[in-house]
Amino acid sequence: MGGALLQATGSVTSVLRRTFQILSGVGEKTEQKLWQRGITTWSDLREAGDDRLPGRVQRRREAHEDQLAMAEHHLADDHTAPFDRWLPDREIWRILQEAGDRVMYLDIETTGLSYPEGRATVVGAHTDAEGTQLLVRGQDLSSRAVQDLIDDAACLVTFNGRRFDVPWLEREFDVSVDVPNVDLMYAFRRLDITGGLKSIEKQLGLDRGEEIDDVGGYEAVKLWRRWERGNHDALERLLTYNEADVVNMQPLADIAYERLKAEVYDPHEPDDPQAQQAEIPVEDAG
DNA sequence: CGCAGGACAGAGTAATTCAG
DNA sequence: CTGAATTACTCTGTCCTGCG
């Protein structure tokens, strides 16, 4: 695999640093056009002559330079938060690789679906750096603890968390969540993989321990009630369940990232004279 | 069971391309 | 070059989803 090393230059640059949709007036199509013309990184864009750029990009050059400088600046400081606002929602997954081991997989259990009748019972988080932390109501679950947890993250990964977990935490614990949130539900929906977390795990062949295979969301509510009535095992089971959720989200996120990258970026890779891919159709009419 | 917000469709506007 | 046709982007409004 001698030659692969040279080509690997391309894959070292994360998708986020190939992303032009953070720029004004640049959407999906314009970004693809840039990629196909061999302008694949931010520095490519800065160095490209006007003759290689679509008109709408030429005309916005000054604004784009400011926007790129801003993006570089935030990235250098590990501030991924602004990208959550700059990127169209469907592309927020591109932040994932940038956050490295500060990606936090987050999942909460509650006593029901609606607030404020329901209350959070377990807040579970998993990171490569810290492992799994489970905050339990009545023990170590507090606004402070939740805020500390979130402040450590450069990026959250949740399942339906944009609509459930994160707004819930913001309301019940009055925390501010100033980090991007990659919601795997939407990432997978984009890959035509639909269903709940457990269903998707199954579809992808990920197995959780069989002793909690049958635990669903509503079961988590009942487990908490049993624990409140004095059943110690019920809490153990609930915690095992929550931990499985946050731990399993990591491979899910990896799969989603790789597949989305393959779907979104790879088909628009520029023709590389060193890597003659015979199957790239040449259909450029201009 | 309630909900925020994502997908999708349609309309309106701006930019780009193309024929002549 | 010009005007028309095409393409891209943005905004608004509906519908629908999976969370415990």
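Every chain is numbered from 1, with letters handed out A, B, ... down the list of sequences.
Atom CH2 of A/Trp35 is separated from atom OG1 of A/Thr30 by 11.5 Å, given to the nearest 0.5 angstrom.
Atom-to-atom, CZ of A/Arg190 to C1' of B/dA7 comes out at 12 Å; the value is rounded to the nearest Å. The nearest whole Å value for the distance from the CG atom in A/Leu184 to the P atom in B/dG6 is 14 Å. Taking atom CD on A/Glu31 and atom C1' on C/dC9, their separation rounds to 14 Å, with Å as the unit. The distance between atom CG of A/Leu191 and atom C1' of B/dG6, rounded to the nearest whole Å, is 15 Å. The distance between atom CH2 of A/Trp168 and atom P of B/dG5, rounded to the nearest whole Å, is 15 Å. Residue A/Tyr115 contributes atom OH, which lies 14 Å from atom C1' of B/dC3 at whole-angstrom precision.
The shortest heavy-atom contact between A/Val103 and A/Thr127 is O-CG2, 3.4 Å.
Using a 4.0 Å cut-off between charged nitrogen and carboxylate oxygen, A/Glu72 and A/Arg17 count as a salt-bridge pair.
Residues A/Leu184 and A/Ile200 form no side-chain contact, since every pair of their non-hydrogen atoms from C-beta on lies 4.5 Å or further apart. In this structure, A/Arg37 and A/Pro54 have side chains that are in contact, with non-hydrogen atoms separated by less than 4.5 Å.
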I'd like to compare against my own output: the B/S/- annotation of nucleotides 10-20 of chain C with a strict under-4.0 Å heavy-atom distance to protein. -------BBBB

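Follow the hydrophobic side-chain contacts under 4.5 Å out from A/Phe83 and you reach A/Met70 in the same cluster.
Nearer to the 5' terminus of DNA chain B, by closest-nucleotide assignment, is the contact made by A/Arg171 (compared with the other of A/Val57 and A/Arg171).
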